[in-house]
There are 2 protein chains.
Amino acid sequence: MKSNSAKPYELDLLFRALADRTRLRLINLMGADEVCVCFLVEALKLTQPKISRHLAYLRRAGLVAARREGKWMHYRLAVPPDTRAAAIFTAVSAGLAEDKEMRLDRGRLVGLCCSPRAPAPLKRAPKPASVTPG
Amino acid sequence: MKSNSAKPYELDLLFRALADRTRLRLINLMGADEVCVCFLVEALKLTQPKISRHLAYLRRAGLVAARREGKWMHYRLAVPPDTRAAAIFTAVSAGLAEDKEMRLDRGRLVGLCCSPRAPAPLKRAPKPASVTPG
DNA sequence: GAATTATATTCGCCTAAGCAAATATATAAG
DNA sequence: CTTATATATTTGCTTAGGCGAATATAATTC
């Protein structure tokens, strides 16, 4: 009968998940739409296991959800179960755009997803739905 | 020439400071006004060194400021130097009121500060300015 | 200045969590 | 079934930071 969600999701859990620069950068890149892991790796220029580890952390914290599509995994932001956490998380992921490095990351991601000739192996993962250029 | 604050205050620094339940409870108690450490200790029923350690952490993160008044130290919330951090921190400290334990903490603090007969040694620290009852 | 009070810091220990390197798993392609 | 690709997990190591207990510092009082 409480107005809040029933789960005892603690706020400090959310903040622990946000307390890492790499995870914030990942959240930033997923702000618009779901993104394939391979693009996350390239956009952030970090090793694949490192990206995967942080995605796992975010998954455990309930901040992202994953969808498999063939060989590829697409991650997207998820709304945390707790009302307050959800409000904060939404505000944070929206506010990341103000950061300089975050904007650069986004630019690099768009370049990877949407450039006519993607770098390296030409056969890439399917593009996310709505990040396509105008 | 940037609209943001000049300092390279990183967001993950803020979140690390918020990633601890005890620190969140302290922030909650300082939401209204500056509070004497002795009341923080009693309201949270935690050991004095533990409170002091977490206050030091918050101080280093630029989230609280301290003022000495004789033997007593009064802590209050401070606005972090970074624009985004400030916005998030303000939202968080305001939103803590929705938490059950946080409300209990506040109630206990008011009881300590404003009861006609304070518990234990009767000579207590001076009361904060505006937490007095109506 | 000696004792008391309020607060801060140090110490030793322990867990969470970061990293790189290596390895495992899942799917697709041949 | 074998290989290649995409992603995930494990391993071994290192650091940040939590805790309680003990101790140090600062201001007040006697």
Side-chain angles (χ1 to χ4, degrees), chain A residues 10 12-26 30 34-61 63-76 112 118 120-128, chain B residues 10 12-26 30 34-61 63-76 112 118 120-128:
Chain A
E10 299 292 348
D12 51 308
L13 210 77
L14 167 69
F15 291 128
R16 265 196 294 279
L18 297 177
D20 179 278
R21 182 90 191 150
T22 300
R23 286 196 290 273
L24 288 178
R25 293 176 75 193
L26 287 170
M30 289 182 281
E34 69 173 19
V35 178
C36 177
V37 172
C38 61
F39 290 133
L40 296 173
V41 170
E42 285 196 44
L44 298 190
K45 293 194 172 77
L46 295 173
T47 68
Q48 177 269 320
K50 181 167 174 173
I51 297 288
S52 194
R53 178 162 19 93
H54 284 292
L55 286 173
Y57 195 118
L58 290 171
R59 213 183 326 117
R60 273 182 259 118
L63 299 187
V64 304
R67 180 180 66 85
R68 180 176 283 282
E69 185 175 323
K71 278 189 292 195
W72 297 280
M73 292 293 284
H74 295 262
Y75 279 80
R76 64 181 178 284
L112 288 170
L122 282 176
K123 193 164 54 173
R124 309 298 297 166
K127 298 174 183 180
Chain B
E10 300 293 350
D12 51 309
L13 210 76
L14 167 69
F15 290 128
R16 264 196 295 279
L18 298 176
D20 180 278
R21 183 90 189 149
T22 300
R23 286 197 290 272
L24 288 177
R25 293 175 75 191
L26 287 170
M30 289 182 280
E34 68 173 18
V35 178
C36 177
V37 173
C38 60
F39 291 133
L40 295 174
V41 170
E42 284 196 44
L44 299 191
K45 294 193 170 78
L46 295 172
T47 68
Q48 176 269 319
K50 181 167 175 174
I51 298 287
S52 194
R53 180 160 15 96
H54 284 291
L55 286 173
Y57 195 119
L58 291 172
R59 212 181 329 113
R60 273 182 259 117
L63 299 186
V64 304
R67 181 179 66 86
R68 181 174 281 282
E69 184 173 325
K71 278 190 292 196
W72 298 279
M73 290 293 284
H74 296 262
Y75 279 80
R76 64 182 179 284
L112 287 170
L122 282 177
K123 193 165 53 171
R124 309 298 296 165
K127 296 175 184 178

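Every chain is numbered from 1, with letters handed out A, B, ... down the list of sequences.
Residues B/W72 and B/C36 come closest through the heavy atom pair CD1-SG, 3.5 Å. Of all heavy-atom pairs between A/R59 and A/V64, the closest is N-CG2, 3.6 Å. The minimum heavy-atom distance between A/L26 and A/H54, with the atom names listed, is CD1-CB, 3.7 Å.
Summary of the strand contacts: B/R68 and A/P49 both lie near DNA chain C, and taking for each the nucleotide with the nearest heavy atom, the more 5' one is attributed to B/R68. In this structure, A/A19 and B/K50 both approach DNA chain C, and ranking their closest nucleotides by distance from the 5' end singles out B/K50.
With rounding to whole Å, B/F39 atom CZ is found 12 Å from C/dA6 atom C1'. Computed from coordinates, the B/E42 CD to C/dT7 P distance equals 10 Å when rounded to whole Å. Rounded to a whole Å, the NZ atom of A/K71 is 21 Å from the P atom of C/dA24. Residue B/I51 contributes atom CD1, which lies 13 Å from atom C1' of C/dA8 at whole-angstrom precision. For the pair A/R60 CZ and D/dA8 P, the interatomic distance rounds to 12 Å; values are reported in whole Å. Per the geometry, NE2 belonging to B/H74 stands 11 Å off C1' belonging to C/dA6, to the nearest Å. Separating the CD atom of B/E69 from the P atom of D/dA26 is a distance of 19 Å, rounded to the nearest angstrom. What separates CG of B/L18 from P of D/dA16 is a distance of 20 Å, to the nearest Å.
The side chain of A/Y57 approaches C/dG18 more closely than any other nucleotide in the set D/dT7, C/dT5, C/dG18. Checking D/dG17, C/dA8, C/dG18 against every side-chain atom of A/D20, the shortest atom distance belongs to C/dG18. Comparing C/dA17, C/dA28, C/dT9 by their closest approach to the side chain of B/R59 singles out C/dT9. Closest contact between the side chain of B/S52 and the listed nucleotides C/dA20, C/dT9, D/dG20 involves C/dT9.
For the pair A/H54 and C/dA17, the criterion of a side-chain N or O lying under 4.0 Å from OP1 or OP2 is not met. OP1 or OP2 of C/dG18 sits under 4.0 Å from a side-chain N or O of A/R23. Side-chain nitrogen and oxygen atoms of A/R53 include none within less than 4.0 Å of the OP1 or OP2 phosphate oxygen of C/dG18. OP1 and OP2 of C/dA6 both lie 4.0 Å or more from every side-chain N or O belonging to B/Y75. Note on A/R16: every side-chain N or O is 4.0 Å or more away from OP1 and OP2 of C/dA16.
For the side-chain contact (heavy atoms from CB on, under 4.5 Å) criterion with A/H74, the lone passing option out of A/M30, A/E34, A/R68 is A/E34.
On a pure distance criterion of 3.5 Å, a polar donor-acceptor pair joins the side chain of B/Q48 and the base of C/dA8.
The backbone N or O of B/R16 lies less than 3.5 Å from a partner atom in the side chain of B/R23, making a donor-acceptor pair.
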